There are 4 protein chains.
Amino acid sequence: MELEIDHEGPVPVYRQLVDSIRAAIESGEFQPGRPIPSVVQLVQTYGVARGTALKALRVLVDEGLVEIVQGRGAYVTRR
Amino acid sequence: MELEIDHEGPVPVYRQLVDSIRAAIESGEFQPGRPIPSVVQLVQTYGVARGTALKALRVLVDEGLVEIVQGRGAYVTRR
Amino acid sequence: MELEIDHEGPVPVYRQLVDSIRAAIESGEFQPGRPIPSVVQLVQTYGVARGTALKALRVLVDEGLVEIVQGRGAYVTRR
Amino acid sequence: MELEIDHEGPVPVYRQLVDSIRAAIESGEFQPGRPIPSVVQLVQTYGVARGTALKALRVLVDEGLVEIVQGRGAYVTRR
DNA sequence: GTGGTCTAGACCACC
DNA sequence: GTGGTCTAGACCACG
């Protein structure tokens with residue numbers, strides 16, 4: 001998963017997060033059925049706002065790459 | 001009854017227990033009037049916390065698949 | 001809503017919470033569509049453990065007196 | 001609550017326990033709504049068998065002096 | 001802030 | 001041995 005976020009550039013931060021996480025999933029760094037970093041971890045690691053991390057999560061859910069389970073976390077979709 | 005619990009995956013642990021026990025009942029592995037594994041056995045076998053095993057039990061009782069006999073254990077409902 | 005929980009008495013603590021909240025609903029103290037005290041408030045106000053407060057909540061939900069809105073809280077059921 | 005049990009005499013041990021506990025209730029030593037000593041405590045304090053302590057408890061319940069709440073303990077009946 | 005999940009430990013009566 | 005109750009703490013997504 002890429003480590004740098006460009007807060008100044010033209011690409012929305014949440015988009016950068018989405019692309020970064022998607023790349024990590026497609027590369028196999030994040031395995032199906034395994035958790036992706038929690039919202040809190042994303043916030044701390046990338047220095048983004050909570051809302052930004054949540055927005056990125058929503059996009060990934062809409063794309064079917066990630067599933068949310070309440071009380072447990074966000075996971076890479078199996079299949 | 002399935003032997004593996006995925007503590008890292010998206011499915012809540014107590015749900016995995018419920019599904020596993022229900023499958024064993026429906027397959028006939030656990031017969032009506034016969035006991036299902038005790039809470040302590042579930043804890044030891046699957047490495048889950050007591051509260052988690054009890055929560056699974058409660059769901060099965062609510063579904064009518066299992067009934068509790070105090071001091072004796074949990075049994076597959078007859079009928 | 002009654003203010004005293006008897007931790008030494010015969011009635012299970014979660015049951016006392018259920019009875020207390022139900023009484024407040026039926027008396028109109030807690031109005032339909034309005035929130036009931038949060039889990040954290042119950043914990044702090046009555047000196048009970050989180051699990052105990054959640055157990056009481058679950059009973060009220062099962063009885064149809066209360067409904068949960070995720071991320072917002074527990075509300076008295078309308079109707 | 002009396003401290004001596006006569007294991008050799010003609011009075012059944014469970015009866016001696018019953019009388020002892022009843023006396024403690026009637027004297028106010030054990031208050032209504034408060035717990036009486038647990039089965040384990042009776043066993044340890046008086047050196048009686050578990051079955052004996054349980055039998056004494058049953059008699060007290062039948063007499064309406066004590067009420068049992070599963071998971072919590074035995075309590076002096078209110079009123 | 002909210003409730004949901006989970007762990008680890010304790011004590012209880014009952015069989 | 002059995003399940004039921006309770007505490008104290010943790011982490012999660014969601015608003």
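It should be emphasised that the depicted structure is a prediction, and the values quoted were computed from it without experimental measurement.
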- Task: Tell me which nucleotide among E:dG4, E:dT7, F:dG3 gets nearest to the side chain of B:I68.
- Result: F:dG3

- Query: Does any N or O in the side chain of C:E63 come within less than 3.5 Å of the main-chain N or O of C:L60, such that one atom is a donor and the other an acceptor?
  - Reply: no

- Query: Looking only at side-chain N and O atoms, does C:K55 come under 4.0 Å of OP1 or OP2 in F:dT5?
  - Reply: yes

- Query: Is there a path of hydrophobic side-chain contacts, each under 4.5 Å between heavy atoms of I, L, V, M, F, W or Y residues, that connects D:Y75 with D:V39?
  - Reply: no

- Query: So, is B:Y14 near the phosphate of E:dT5, with a side-chain N or O under 4.0 Å from OP1 or OP2?
  - Reply: yes

- Both distances under 3.5 Å, Watson-Crick or G-U wobble: on that basis, could you give the dot-bracket string for DNA chain E, with [ ] for crossing pairs and | for other-strand partners? ||||||||||||||.

- B:T52 side chain near E:dT5 phosphate (N/O to OP1/OP2, under 4.0 Å): no

- Query: Contact class for B:V40 vs. all strands (heavy atom < 4.0 Å): base, sugar-phosphate, or nothing?
  - Reply: sugar-phosphate

- Nucleotide of F:dG15, F:dG4, E:dA8 approaching B:A49 most closely (side-chain heavy atoms): E:dA8

- Query: For D:A53, does its backbone N or O pair with a side-chain atom of D:R58 as donor and acceptor, under 3.5 Å?
  - Reply: no

- OP1 or OP2 of F:dC6 under 4.0 Å from side-chain N/O of D:R72: yes

- Within this structure, what is the CG-to-P distance between A:L54 and F:dC14, rounded to whole angstrom? 6 Å

- Do C:V13 and C:V59 share a hydrophobic cluster (ILVMFWY, side-chain heavy atoms under 4.5 Å, transitive)? yes

- Query: Base, sugar-phosphate alone, or nothing: which one does D:R58 contact when heavy atoms must sit under 4.0 Å apart?
  - Reply: sugar-phosphate

- Query: Would you say E:dT2 has OP1 or OP2 under 4.0 Å from some side-chain N or O of C:S38?
  - Reply: yes

- Item | Heavy-atom closest contact (D:E67 atom, D:R78 atom, distance) | OE2-N, 4.5 Å

- Among F:dC14, F:dG3, E:dC6, which nucleotide sits nearest the side chain of B:V13? E:dC6

- Query: According to a strict under-4.0 Å criterion, is B:H7 in side-chain N/O contact with OP1 or OP2 of E:dT5?
  - Reply: no

- Under 4.5 Å between side-chain heavy atoms, hopping through other hydrophobics if needed: is there a path connecting C:V40 to C:L42? no

- Closest nucleotide among E:dG3, E:dC15, F:dT5 to the B:R50 side chain: F:dT5

- D:E67 CD to E:dC12 P, straight-line distance once rounded to whole Å: 17 Å

- For DNA chain F, whose closest nucleotide is more 5', that of A:G73 or that of D:Q70? D:Q70

- Distance-only, no hydrogens or angles: does the A:S20 side chain make a donor-acceptor pair with backbone N or O of A:Q16 under 3.5 Å? no

